[in-house]
Structures are given as C-alpha cells and as structure tokens.
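None of the values given here were measured: they were computed from a predicted structure. Numbers restart at 1 for each chain; the letters A, B, ... are given by sequence-line order, proteins then strands.
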Amino acid sequence: MPELPEVEVVRLGLAEYVVGRTLAAAEVRHPRSVRRHVAGELDFVARLAGRTIWAARRRGKYVWLDLDADCTCGEVLLAHLGMSGQMRIQPPDAPAETHLRVRLGFADGGPELRFIDQRTFGGLSVEDAVAGVPAPVAHIARDPMDPSFDLDAVVAGIRRRRTGLKRALLDQTLVSGIGNIYADEALWRARLHWAKPTATLTRAQGRSVLAAATEVMTEALAAGGTSFDALYVNVNGASGYFDRSLAAYGQGGRACPRCGTAIRRESFMNRSAYTCPRCQPRPRHPHP
DNA sequence: CATTTATCCTGTAAGC
DNA sequence: TGCTTACAGGATAAAT
C-alpha cells in the first residue's frame, strides 16, 4: 500500500521522466479516477492540454505536478494513489494495462504517463495551489521528511488527543505519510502498543515512536518502498523490497525478530494491527 | 466540538 | 470443482 516512502519513490520517478515536458492529449478511461475533479472529466482534459510540468512535489501520501512556473499560486495536477494506484511511464504504443484509468500524452511524442488503479480509491484532479500547496492538501499535516516538520509540536498534538496511539499516528491532520504498515513498524520499534491511550503517552515515548516512524520510512525509501502485495511499483514497474525487512506488519504467527515471540494479529478499525505480545505489552486500560 | 464508524472498490485466497 | 466469504485499507462523509 502506498505510504510516504512509496509515494516518494513515485515522485522521484515523475521528477526524472515528466518534469520539463509539455502535456498533449489526456484520455480518461474511467470516470471514477477523476471524480475529485469537480468541474468534470471534459474540464480535466481541457485544463491539461499544452501545460508544461515544472516540478514534482509531495506532502504525506499526496503527490502533485506544478502546471505553472510560479508554484505558489498556480495550478497543479494532484494525485493520490489510494490503495492500488500506480504511475507508469510507458511508450505510447504499449498495450493498455488491465486497470489503466488515465493516459497523459506529451507533445514531444515520447513516453506517456499512465495512471493505473485496480481498486479506484485513488485519483487525479487539477487543483489551485495556495501558498504552494493544492487546496485539498491544505489540511494535511507536514510529514516527517518535510524540512519544516516540528516533532515536538506533533508530540504535543498527539498527547492532546483522547484516543489510541495508532489512531493518532494514522491521522493525517496530526502527522502525514504514515499508513498501516509503517504505523505497526514504528510501534514495534518503539515497543509501544497500538491501543495505548495517547493521554498516557510521555513526551519521550511520543518522540520515540515518531523517530521510529521517520527511521523506518527512511529505510524503506532506500529500499525502493514496500511492495507487500505487488500492487505498488515505481514508474518503471519495479517492486520495492522493504517487505523483506518488516518486523511486525503482516508477520502474524512468525517470530518477533527481537525476542522470538509469535507476532499477533488483532482486529483494529476494520483492518489489522500486528504486535509482539512480549515487546509491546497491552496497556492496562487500552483504548478501543 | 472531538472522535468513531461506514463507505467506496476489486482481486486474491481461504473455507465449505 | 465451484461458489461464497473475508480481507487488503486511505480518506472522507456521516454518525455518535
């Protein structure tokens, strides 16, 4: 599932292959993939034709391409990969992928940009940027790799909440970029349980779990991301290999790399939470 | 207001 | 074998 490291790998690919090029015709093959473009499919296509891509940027799990030289107040092509979205660079004559949703051709006739998305939770839209950030991203907190990320402020924000620790880590308005995989890995590294009430979190524990999240996402980025179920690939179709380094996520029944105890899978918010029962003891009063 | 839950979607895999 | 069911889960609207 694309979280910060996977989206950053995609951003790097976009920076390499499409920045500096000028868009020609766009083709929307599935309306759901542009549903966030409120002015509709035709307007989406019309707004892209002839536009030059000036930069590829990211915040959390959102990635966008600047369509105006002045990035502080121009338009951008905003993308969210959702669960299964992929950005691929392909020759224009390459056969259509099974879940090809949007094709973006270029005026130079070179490789085109394709948005492929099996589950269609992701999508593209053209948005106005305000102070350099697309409007739908304005409420998304800075991520741990942002130079302006304020760790102590985020720890304070988490401790102000009245919820469970993992819920807070997944809340993109507190800190962005962390999804289910890296939340479980960060909690495992910090030896904290997902149901620990944020009210009982010390400042040191808060700093520890965020440092762990930053560390594990940095390592995952260096490995090209995590391709847990082969739905995540880079712009050239290659998988990342950080899944081999996961200690907790998806490891139910397997030995904890630290103490050998079997990793436990629990139900959490209609999904899963993986913990080591020994390294991450359940809090006395767990938050549901 | 703060917090939690249901919903969107499709392919894979497990269970009967 | 073939059908049904559970599961994967990011963001947000709706509910509490």
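- When rounded to the nearest whole Å, the span between CG of N180(A) and C1' of dA8(C) equals 9 Å.
- For DNA chain B, the residues of residues 155-162 of chain A within the heavy-atom distance limit of 4.0 Å (strictly under) are R161(A), R162(A), sorted by number.
- With a cutoff of under 4.0 Å to any heavy atom of chain A, the contacted region of DNA chain B is bounded 5' to 3' by dT3(B) to dG11(B).
- For the pair L124(A) and H37(A), the minimum side-chain heavy-atom distance is 4.5 Å or more.
- When heavy atoms are screened at a 4.0 angstrom cut-off, S84(A) is found touching no nucleic acid atom at all.
- For the residue pair Q90(A) and E97(A), a side-chain donor N or O sits within less than 3.5 Å of a side-chain acceptor on the partner.
- Contacts classified as salt bridge (charged side-chain N to carboxylate O under 4.0 Å, His left out) and involving residues 173-187 of chain A (residues at least two apart or in different chains) are given here: K166(A)-D184(A).
- H30(A) comes within 4.0 angstrom of no nucleic acid atom, judged by non-hydrogen atoms across all strands.
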* Structure fact -> Per-nt protein contacts along nucleotides 11-16 of chain C (heavy atom under 4.0 Å; B base, S backbone sugar-phosphate only, - none) come out as BS----

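- Shown are V233(A), V235(A), N234(A); of these, the side chain to side chain contact (heavy atoms under 4.5 Å, CB included) with V9(A) is made only by N234(A).
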Residues 252-262 of chain A, side-chain donor-acceptor partners within the protein, below 3.5 Å, at least two apart:
from    : atom 1 : to      : atom 2 : distance (Å)
R254(A) : NH1    : Q251(A) : OE1    : 3.3
R258(A) : NH1    : W188(A) : O      : 3.1
R258(A) : NH2    : W188(A) : O      : 2.8

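- Annotation: side chain of R207(A) is in contact with side chain of D152(A) (closest heavy-atom distance under 4.5 Å).
- The residues D171(A) and R167(A) are annotated as not salt-bridged, no charged nitrogen and carboxylate oxygen being separated by less than 4.0 angstrom.
- Salt bridge annotation for D143(A)-R58(A): present, with a cationic side-chain nitrogen under 4.0 angstrom from a carboxylate oxygen.
- By the 4.5 Å heavy-atom criterion applied to side chains, L113(A) and L14(A) are counted as neighbours.
- D117(A) and S84(A) form a side-chain donor-acceptor contact under 3.5 Å, judged by distance and modelled atom types alone.
- Positionally, the nearest nucleotide of DNA chain B for G164(A) lies more toward the 5' end than for the other of T98(A) and G164(A).
- Using cut-offs of 30° and 60° on the angle between ring planes, the pair H80(A) and Y62(A) is perpendicular.
- In the helix from dA2(B)-dT16(C) to dC16(B)-dG2(C), the end axes, each obtained as the rotation axis mapping the C1' atoms of four pairs onto the next four within a five-pair block, lie 60° apart to the nearest 10 degrees.
- Q118(A) places its CD atom 18 Å from the P atom of dC7(C), with the value rounded to the nearest Å.
- The distance from atom CD1 of I181(A) to atom C1' of dA8(C) is 10 Å, rounded to the nearest whole Å.
- Looking at Y274(A) and L246(A), their side chains never come closer than 4.5 Å, going by heavy atoms from C-beta outward.
- Between the side chains of T198(A) and R161(A), not a single donor N or O lies within less than 3.5 Å of an accepting N or O.
- At the phosphate of dC7(C), neither OP1 nor OP2 sits under 4.0 Å from any side-chain N or O atom of S272(A).
- Rounded to an integer number of Å, the gap from L169(A) CG to dG10(C) C1' is 15 Å.
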